[in-house]
Amino acid sequence: MSMRGPGGRSQFMTDEEKKNAPKVTKELLARIFSYLTPYWKQMAVVLTAIICSSILAIYPSIITGKIIDEGLLAKDLNRLVYLILLSLAVTLGSNLIGVLESYMNTWIAQHITFDMRNQMYEHLSRMPQSFFTSSNQGDIITRMTSDISGVQQIITNTFTSILSNSITLIVALVAMFSKNWVLAITGIIIVPLFTIPTRKAGKTRWTLTREAQAVNDQINGILNETLSVSGQLLVKVFGMEKFEYRRYRKANEKMINLNIRESMAGRWFRVVISTVSSVGPMLLYLVGGILMIRYNHDLTVGDITVLVTLLGRMYGPVNSLLNIQVEWIRAMANFTRIFSYYDMPVEIENAPDAIRPESAKGDIEFKNVYFRYNPERMILKDVTFRLDSGHSIAIVGPSGSGKSTLINLIPRLYDVLEGSVTFDGIDVRKLDLEFLRKNIGIVTQDTYLFNGTIRENLMYANVHASVAEMEEACRKANIHDYIMKLEKGYDTEVGNRGLKLSGGEKQRISIARVLLKNPAVMIFDEATASLDSISEKAIQDAIDPLIESRTSILIAHRLSTILAADEIIVLKDGVIVERGTHKELMNAGGVYTELYNTQFKPQIAEE
């Protein structure tokens with residue numbers, strides 16, 4: 001007999017599950033059942049189906065008694081045929097209702113998980129950028145997939161199991177007591193004897209299974225380490241073949257012993273269960289026989305047979321309900337994990353009276369801005385500057401000075417701690433987020449392309465763009481001619497994260513994508529970093545005309561890009577330490593001059 005519950009999970013909790021078992025409160029239950037409320041009509045159908053199916057499932061056992069007494073013992077063939085057909089009809093009816101119940105149950109579960117996935121995705125898409133930079137991506141995906149998928153199993157298995165087993169047990173008890181209360185009590189006394197060995201053997205097998213899994217992980221680790229190309233080379237070079245063989249043999253021997261113990265534990269368990277299961281019926285036959293023979297009771301052979309059959313039907317529901325606590329706690333833990341994500345504050349969202357102007361000029365102003373990611377370190381300190389529409393500004397500074405952080409505040413990927421960032425004279429926190437982000441285009445060093453075609457990646461910026469507009473954006477980004485040389489042109493697949501393209505090609509497509517968006521402000525964050533000189537020049541040739549034609553902010557390490565800007569701002573440790581033109585800053589002989597000598601001057605020598 002398997003020690004695993006619905007969905008193949010063990011009926012016994014791990015130590016970690018016991019430790020982290022959630023506290024079940026009225027508020028938690030109310031929140032869970034709020035997802036069932038929209039489907040209360042379907043739930044009523046399921047509940048009715050479970051009740052009807054449970055009652056009908058008991059009737060064949062009752063009819064069996066009548067078949068024996070009124071058909072076989074009475075030698076009434078017509079009655080026998082009628083009762084057999086009735087039993088078959090009831091069984092068929094119970095099964096058909098069971099199909100309806102299963103369909104409705106699955107329908108409800110699927111729709112609830114549909115609602116929860118939509119709610120989760122919508123909520124996560126509104127979370128601040130800090131959430132994605134600090135959270136484990138695997139945890140996020142787990143919440144979206146396995147945790148919410150677990151809700152379906154909870155509804156179709158856990159909740160339904162509690163209802164159906166409870167109703168079956170009640171119906172069986174009522175039927176037994178209606179036949180004979182003495183035998184009913186006798187049967188109830190026997191039921192705990194059935195559950196004790198079940199739980200004891202189950203815990204033993206679960207412990208052995210966990211140990212076997214640990215050893216199996218150890219064996220897989222040995223195989224992965226020693227049978228890989230690099231691992232085998234290391235083993236051979238150090239002459240450790242015999243050592244690794246002994247290590248593998250020891251783990252393999254331990255696994256074999258655990259498998260034998262688990263197999264024998266199951267064998268002894270089945271012996272005990274089989275013995276205990278036969279005690280109940282035998283005891284009912286004995287007590288029933290004493291009542292019939294010694295006390296001339298009006299019990300019939302059919303009655304005793306019915307009671308024995310009903311007792312057998314009680315074993316399953318009782319054992320399931322005793323073990324349902326494990327599934328219930330896991331279900332509550334599942335919901336708790338999901339709700340913990342739902343309860344995370346969005347932080348960055350539209351103000352109730354968000355402003356949405358008809359058009360955007362692109363004036364940017366920072367006023368006494370302070371910002372930090374954590375309390376330990378202030379990233380930006382009292383940053384103040386203005387960028388008028390149609391002009392450009394270059395931001396330079398040592399690594400870690402806060403350059404990328406500064407530009408992330410403009411589209412509200414983060415919000416300032418103190419001070420303000422304004423767009424066309426309006427605090428970005430008061431602007432409509434969609435309007436704000438629609439009018440800001442960012443090209444970063446780490447270009448991201450979706451797994452699709454070049455056309456699909458470009459159209460992501462503007463789904464209504466025409467072919468002519470798309471091609472014009474690619475010409476400005478210096479990538480159209482390259483695309484047209486490809487066999488499938490704009491319908492070429494770029495691969496996962498654009499891996500089928502070079503870094504320079506991806507970067508130019510990224511620039512074209514931003515151009516297709518046609519934002520009021522263009523931001524280039526190290527757009528030519530980590531590229532070879534040829535790719536860098538192609539991208540620079542695409543960027544230079546853009547700087548002259550629209551409002552631009554540039555974080556760059558290339559001197560020609562910096563010189564093209566109307567003004568240069570020098571950041572150090574989150575503070576603007578210098579600002580001005582290249583000539584003015586060089587004459588000042590400060591941080592910029594140092595950067596020029598260490599970073600920009602070598603570029604000139606290379607060229």
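Of all heavy-atom pairs spanning Ala351 and Arg429, the tightest one is CB-O, 3.9 Å. Shortest non-hydrogen contact noted between Glu347 and Asp415 is O-OD2, 4.5 Å. Closest approach of Pro345 to Met127, counting heavy atoms only: O-CE, 3.5 Å. Here the closest non-hydrogen pair linking Ile410 and Leu436 is O-CD2, 3.5 Å. Across all non-hydrogen atoms, the minimal contact from Ile148 to Thr113 is O-CG2, 3.4 Å. In plain terms, the two heavy atoms of Arg412 and Val428 that are nearest each other are CD-O, 3.2 Å.
Under a cut-off of 6.0 angstrom, the local environment of NZ in Lys438 is sparse, with at most 12 non-hydrogen atoms contributed by other residues, nucleotides or ligands. Applying the 6.0 Å contact sphere to CD of Glu349 captures more than 12 heavy atoms from other residues, nucleotides or ligands. Other residues, nucleotides and ligands contribute at most 12 non-hydrogen atoms within 6.0 Å of the NZ atom of Lys572. By the neighbour-count criterion of 12 heavy atoms within 6.0 Å, atom OH of Tyr342 is densely surrounded, having more than that number from other residues, nucleotides or ligands. By the 6.0 Å contact criterion, CZ on Phe114 is open, its count of non-hydrogen atoms from other residues, nucleotides or ligands being 12 or less.
Between the side chain of Asp432 and the backbone N or O of Ile355, no donor-acceptor pair lies under 3.5 Å. A donor-acceptor distance shorter than 3.5 angstrom exists from the side chain of Lys517 to the backbone of Ile440, with no hydrogens or angles considered. Judged purely by atom type and a 3.5 angstrom limit, Arg508 uses its side chain to pair as donor or acceptor with the backbone of Asn478.
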Item to check | Test log, rule side chain to side chain contact (heavy atoms under 4.5 Å, CB included), inputs Leu233 and Val237 | outcome: CA-CA 6 Å; Leu233 177 62; Val237 168; 4.0 Å; yes
Next on the checklist: Checking Arg513 against Asn457 for the side chain to side chain contact (heavy atoms under 4.5 Å, CB included) test, could you report, in this order, the C-alpha distance in whole Å, the side-chain angles of both residues, the deciding distance, and whether it holds?
Outcome noted: CA-CA 7 Å; Arg513 182 169 58 186; Asn457 274 279; 3.8 Å; yes
Checklist entry - Given Leu571 and Val577, is the side chain to side chain contact (heavy atoms under 4.5 Å, CB included) satisfied, shown in steps? => result CA-CA 6 Å; Leu571 270 180; Val577 292; over 6 Å; no
Checklist entry - Would Arg247 and Ile222 count as a side chain to side chain contact (heavy atoms under 4.5 Å, CB included) if you check the C-alpha gap in whole Å, the side-chain angles of each, and the deciding distance to 0.1 Å? => result CA-CA 8 Å; Arg247 190 160 70 104; Ile222 295 172; 3.6 Å; yes
Checklist entry - When you look at Lys488 and Glu493, which way does the salt bridge (Lys or Arg N to Asp or Glu O under 4.0 Å) test go after all the steps? => result CA-CA 9 Å; Lys488 294 185 178 180; Glu493 294 283 341; over 6 Å; no
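Under 3.5 Å, the side chains of Thr405 and Tyr373 contain a donor-acceptor pair of N or O atoms. With no hydrogens or angles considered, a side-chain donor-acceptor pair links Glu505 and Ser502 at under 3.5 Å. Side-chain contact, Gln119 with Tyr341: no donor N or O sits under 3.5 Å from an acceptor N or O. Side-chain atoms of Tyr490 and His480 form a donor-acceptor pair, as typed in the model, at a separation below 3.5 Å. Judged purely by distance below 3.5 Å, without hydrogens or angles, the side chains of Asn462 and Asn518 never pair a donor atom with an acceptor atom. No side-chain donor-acceptor contact under 3.5 Å links Tyr592 and Asn597. No side-chain donor-acceptor contact under 3.5 Å links Asp427 and Thr422.
The line from CZ of Arg386 to CD1 of Ile364 is 9.5 Å long, rounded to the nearest 0.5 Å. Atom CD1 of Ile454 and atom CG of Leu449 lie 9.0 Å apart (nearest 0.5 Å). Taking CG of Leu516 as the reference point, atom CD of Glu469 lies at 7.0 Å (rounded to 0.5 Å). Summarising the geometry, atom CG belonging to Asp525 is positioned 3.5 Å from atom OG belonging to Ser404; distances are rounded to the nearest 0.5 Å. Note that CD of Glu418 is 12.5 Å distant from CZ of Phe371, once rounded to the nearest 0.5 Å. Of the inter-residue distances, the one linking Ile32 atom CD1 with Glu27 atom CD reads 11.5 Å to the nearest 0.5 angstrom.
In terms of the side-chain contact (heavy atoms from CB on, under 4.5 Å) criterion, residue partners of Leu234 (sequence neighbours excluded) are, by chain and number, Phe238.
Side chains of Glu365 and Thr384 form no contact here, defined as non-hydrogen atoms less than 4.5 Å apart. Within the 4.5 Å cutoff, side-chain heavy atoms of Val416 are placed close to those of Val421. Side-chain contact check for Val575 versus Asp382: every heavy-atom pair is 4.5 Å or farther apart. Using a 4.5 Å heavy-atom threshold, the side chains of Val443 and Gln507 count as touching. Residues Tyr370 and Ile379 fail the side-chain proximity criterion, which asks for heavy atoms closer than 4.5 Å. Put simply, the side chain of His123 reaches to within 4.5 Å of the side chain of Val346, judged on heavy atoms. Between Glu487 and Thr492 the shortest side-chain heavy-atom distance does not fall below 4.5 Å. Side-chain atoms of Met522 and Leu515, non-hydrogen and from C-beta on, do get closer than 4.5 Å to each other.
Between Phe385 and Phe366, the angle of the ring planes stays under 30°, which puts this pair in the parallel group of the 30/60° scheme. The aromatic rings of Tyr39 and Trp107 sit perpendicular to each other, their planes meeting at more than 60°, with 30° as the lower class boundary.
For the pair Arg31 and Phe335, the cation-pi criterion (under 6.0 Å, within 45° of the ring axis) is not fulfilled.
Between Asp491 and Arg455 a salt bridge is recorded (basic side-chain N to carboxylate O distance below 4.0 Å). Salt-bridge formation is not detected for the pair Arg117/Asp115: no Lys NZ or Arg NE/NH1/NH2 atom is positioned less than 4.0 Å from an Asp or Glu carboxylate oxygen.
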Donor-acceptor pairs are to be reported for all side-chain atoms of residues 390-402 against protein atoms at under 3.5 Å, with residues two or more places apart or in another chain.
residue : atom : partner : partner atom : Å
His391  : ND1  : Ser389  : O            : 3.3
Ser392  : OG   : Asp566  : N            : 3.1
Ser401  : OG   : Pro398  : O            : 2.8

